[in-house]
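Reckoned from all heavy atoms, side chains included, excluding hydrogens, waters and symmetry mates.
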Amino acid sequence: MRDDAALTFPAGFPNSLNEYGDPVNLKYPFDSKKRATNARVRFKQNATEYDKEKSKAIVHERIVRAELEYDIDPSFDESDPLDQLLPTDLKEQLQKS
C-alpha cells in the first residue's frame, strides 16, 4: 500500500472496490462515464507513483475496461508505455476502434 493511500472510502465516491482503478489505494474511481474518462487521464499523469510495472498494468487495464463498459472509445497509442502494458486482447480491441 502506498503512503498516501486511503483507508476508508472517500466521501462522495464509490463504496465498492470494483469501482476503482486502484482498489488497494482507493484511487481512480470509475463509477460513472465522466469519472472513467477522468480516471485514465489522472492515472496517466500519476503512473510514475507506481514502482512496479505489473501494478501500473493492472490499474491501467481496469480503467480501460471500465471506459469500454461506458461505451467510451479509449484511444490506443503505440508509443505510450502504459498502453503497451495492456493485454494483447485489449490492445487488439482498441486498435480496431
Side-chain angles (χ1 to χ4, degrees):
M1 186 177 297
R2 296 175 34 79
D3 292 338
D4 62 346
L7 300 177
T8 59
F9 291 108
F13 289 91
N15 290 324
S16 169
L17 295 177
N18 292 327
E19 294 179 319
Y20 287 89
D22 180 349
V24 173
N25 297 303
L26 299 179
K27 295 179 93 172
Y28 312 110
F30 51 65
D31 58 320
S32 69
K33 188 172 187 172
K34 181 177 179 181
R35 282 189 176 163
T37 299
N38 290 339
R40 190 165 187 211
V41 171
R42 286 188 20 253
F43 176 68
K44 284 191 171 208
Q45 292 169 343
N46 300 310
T48 57
E49 296 175 350
Y50 294 81
D51 296 332
K52 298 180 181 175
E53 293 296 301
K54 185 174 181 179
S55 297
K56 289 180 193 180
I58 291 169
V59 173
H60 191 54
E61 178 182 355
R62 288 175 58 85
I63 293 169
V64 170
R65 290 194 187 278
E67 286 183 307
L68 290 170
E69 286 181 26
Y70 284 110
D71 291 325
I72 298 169
D73 188 16
S75 62
F76 178 79
D77 181 354
E78 290 186 23
S79 65
D80 185 332
L82 289 173
D83 286 352
Q84 288 302 318
L85 295 174
L86 293 170
T88 302
D89 68 312
L90 195 50
K91 284 183 199 177
E92 290 172 357
Q93 184 177 354
L94 294 177
Q95 288 172 333
K96 289 178 185 175
S97 59

- Could you tell me the separation between the CG atom of Asn25 and the CD atom of Glu49, rounded to the nearest 0.5 Å? 9.5 Å
- Query: What's the spacing between Asn38 CG and Ser32 OG if we round to 0.5 Å?
  - Reply: 8.0 Å
- Message: Quick check: do Val24 and Leu17 have side-chain heavy atoms less than 4.5 Å from each other?
- Response: no
- Name of the residue among Ser16, Pro10, Pro14 meeting side-chain contact (heavy atoms from CB on, under 4.5 Å) with Pro29: Pro14
- Give a yes or no answer on whether the side chain of Thr37 reaches the backbone of Lys33 with a donor-acceptor pair at less than 3.5 Å. yes
- Message: With heavy-atom distances below 4.5 Å as the criterion, would you say the side chains of Arg40 and Ile63 are in contact?
- Response: yes
- Note on the structure: Note: Pro23 and Arg62 closest approach over all heavy atoms is CD-NE, 3.7 Å
- Message: Salt bridge check, Lys96 against Asp73: does any charged N sit closer than 4.0 Å to a carboxylate O?
- Response: no
- Item | Closest heavy-atom pair and its distance - Gln93, Leu68 | NE2-CD1, 3.7 Å
- Who pairs with Glu92 by salt bridge (charged side-chain N to carboxylate O under 4.0 Å, His left out), at least two apart in sequence or on another chain? none
- ILVMFWY cluster, Ile58 and Leu94 together (side-chain gap under 4.5 Å): no
- Message: Run the salt bridge (charged side-chain N to carboxylate O under 4.0 Å, His left out) test against Glu69 and tell me which residues pass, sequence neighbours left out.
- Response: none
- Starting from the C-alpha separation in whole Å, work towards a yes-or-no answer on side chain to side chain contact (heavy atoms under 4.5 Å, CB included) for Phe13 and Glu19. CA-CA 9 Å; Phe13 289 91; Glu19 294 179 319; over 6 Å; no
- Task: Take His60 and Asp83 through the side chain to side chain contact (heavy atoms under 4.5 Å, CB included) test and state the conclusion after the steps.
- Result: CA-CA 8 Å; His60 191 54; Asp83 286 352; 2.8 Å; yes
- Query: Atom OG1 in Thr48, atom NZ in Lys56: separation rounded to 0.5 Å?
  - Reply: 7.0 Å
- Is there a path from Val64 to Leu82 through hydrophobic residues (I, L, V, M, F, W, Y) whose side chains come within less than 4.5 Å of each other? no
- If you take all heavy atoms of Gln84 and Lys91, which pair is closest and at what distance? O-NZ, 2.9 Å
- Message: Keeping Tyr70 on the side-chain end and Arg35 on the backbone end, is there a donor-acceptor pair under 3.5 Å?
- Response: no
- Fellow cluster residues of Val41, listed by chain then number, with links counted only when side-chain atoms sit under 4.5 Å apart: none
- Query: OH/Tyr20 to OH/Tyr28 distance, rounded to the nearest 0.5 angstrom?
  - Reply: 13.0 Å
- Message: Can you see whether Tyr50 engages Asp22 through a side-chain donor-acceptor pair at a distance of less than 3.5 angstrom?
- Response: yes
- Query: Charged N to carboxylate O below 4.0 Å: is that the case for Asp77 and Lys44?
  - Reply: no
- Message: To the nearest 0.5 Å, what is the distance between CD1 on Ile72 and NZ on Lys34?
- Response: 12.0 Å
